[in-house]
Number of protein chains: 2
Amino acid sequence: MKNLESIDLEKLAKNLKIRMTPQRRAIINILIASEDHPTVEDIYYRIQKINPEIGIATVYRNVALLEKYGVIYKLEIDYQNKSRYEIADIYSMHEHLIDSDTGEIIEFSLKKDEIEEIYKKIGDKLGYNVIHHKLQLFGRKKNRLFSHKKNVFVRNK
Amino acid sequence: MKNLESIDLEKLAKNLKIRMTPQRRAIINILIASEDHPTVEDIYYRIQKINPEIGIATVYRNVALLEKYGVIYKLEIDYQNKSRYEIADIYSMHEHLIDSDTGEIIEFSLKKDEIEEIYKKIGDKLGYNVIHHKLQLFGRKKNRLFSHKKNVFVRNK
DNA sequence: CTATCTGCAAAGTTTTTGCTCTGAC
DNA sequence: GTCAGAGCAAAAACTTTGCAGATAG
């Protein structure tokens, strides 16, 4: 559970000028409660346990809407060719380390002053205001016994 | 055109223990020649101009294969819900800045000693060897006249 | 009350798979 | 010559859309 219990969904809807339906409430609450990064299907099934009459088209429509408004993020991870989502949470901006063997996603945080300043500088140089960033590290567990992937890209000479 | 003209595809195939077919050669060469980040469909059409009898299933099968072997990368960008690829190129490791309004992808490089050392430290702390990383910055052009996206996520209090 | 939103089913896209034939080594 | 690999077409998987009825504000 993230530190977002205090989010006022009615106020959010008013700000966005959208209606706060039970379906939208459910999607947001599922994402707040999720420690992982659910796909649309995941969200759909988790909601179904409580509210069986929701349609998957509704989930698709609403994650797109909520993403457009910045309430949730579509993860740029695309593990298994499915879109994955997480709640936008400015208080715990975090990065992802993806296990190259298993696809497992490990979250970690950066010290704000440690790197973000550098990102801002890069944006300045390119003429952009950096709104947010995603850093992904891909790695292999140090004590893994054998690897599932070969890594044999060899350059001529 | 990237600085990879010297890549020896026969040697590559031998190392990977796969056959170097004209189709694979074409896919790799297209990706070497591409300054953008083509989707499977893009790759398919670009090859078709030269070799019209290639099948899209072949492209799918081979980008998956080449990605598994680390010859190409699947971009973690997923703009428009399509997989995008680029040639793996250890000599020009670069990051991406994604225009939040247009989806345009701008490449930039980091000074190796500037940040990579930090990534390595993070991996160490988590018990991983970092194989590669992807950093994405999302931003809006500083002089854009109006925005297409609202950004109105408001937290209670 | 009414314009937005939902659920359902159908359609559209993207990706994978089965199978037979081809061609790289 | 043999087995990995290609093409084709069908299937599967994922996402979007049209429409009629439901409901939040």
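Naming convention: chains lettered A, B, ... in sequence-line order (proteins, then strands); numbering from 1 in each chain.
- When each of B:Ala64 and A:Ile54 is assigned the nucleotide of DNA chain C with its nearest heavy atom, A:Ile54 is the one assigned upstream, toward the 5' end.
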Practice item. Indicate for each nucleotide in nucleotides 20-25 of chain D, in 5' to 3' sequence, whether protein heavy atoms under 4.0 Å reach the base (B), only the sugar-phosphate (S), or nothing (-). Key: ---BBS

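- Side-chain contact check for B:Ile18 versus B:Leu12: every heavy-atom pair is 4.5 Å or farther apart.
- Heavy atoms only, all atoms of each residue included: B:Glu67 and B:Tyr85 are closest at CG-CE2, 4.3 Å.
- Taking side-chain N and O atoms only, B:Thr58 has no distance below 4.0 Å to OP1 or OP2 of D:dG5.
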Check your understanding: Can A:Lys11 and A:Met20 be said to form a side chain to side chain contact (heavy atoms under 4.5 Å, CB included), step by step?
Key -> CA-CA 9 Å; A:Lys11 195 172 283 187; A:Met20 185 45 61; over 6 Å; no

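- When only modelled atom types and interatomic distance are considered, A:Arg24 and A:Thr58 share no side-chain donor-acceptor pair under 3.5 Å.
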Table of protein N/O atoms under 3.5 Å from nucleotides 18-20 of chain C N/O atoms:
from   : atom 1 : to      : atom 2 : distance (Å)
C:dG18 : O6     : B:Arg61 : NH1    : 3.4
C:dG18 : O6     : B:Arg61 : NH2    : 3.4

**Study point:** Steps toward side chain to side chain contact (heavy atoms under 4.5 Å, CB included) verdict (A:Leu16, A:Val71)
**Key:** CA-CA 10 Å; A:Leu16 300 178; A:Val71 179; 3.9 Å; yes

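- Here the side chains of A:Lys14 and A:Arg19 are not in contact, with every heavy-atom distance at 4.5 Å or above.
- Using a 4.5 Å cut-off on side-chain heavy atoms (C-beta onward), B:Leu9 and B:Asn29 make contact.
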Hey, what are the protein-to-nucleotides 11-13 of chain D N/O distances that come in under 3.5 Å?
none

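- Across all strands shown, A:Ile56 has no heavy atoms under 4.0 Å from either base or sugar-phosphate atoms.
- B:Ser83 has a side-chain polar atom (N or O) that falls below the 4.0 Å cut-off from OP1 or OP2 of C:dT15.
- Inter-axis angle, ends of the helix from C:dC1-D:dG25 to C:dC25-D:dG1, five pairs per end, rounded to 10 degrees: 50°.
- Between the side chain of A:Arg84 and the main chain of A:Pro38, no donor-acceptor pair closer than 3.5 Å is present.
- A:Glu53 has its side chain out of reach of A:Gln23: every pair of non-hydrogen atoms, C-beta onward, lies at least 4.5 Å apart.
- Listed pair A:Gln23 / C:dG7 meets the phosphate criterion, a side-chain N or O lying under 4.0 Å from OP1 or OP2.
- For the segment residues 41-50 of chain B, no residue has any heavy atom less than 4.0 angstrom from an atom of DNA chain D.
- With sequence neighbours excluded, the residues that form a side-chain contact (heavy atoms from CB on, under 4.5 Å) with B:Tyr60 are B:Val40, B:Ile56.
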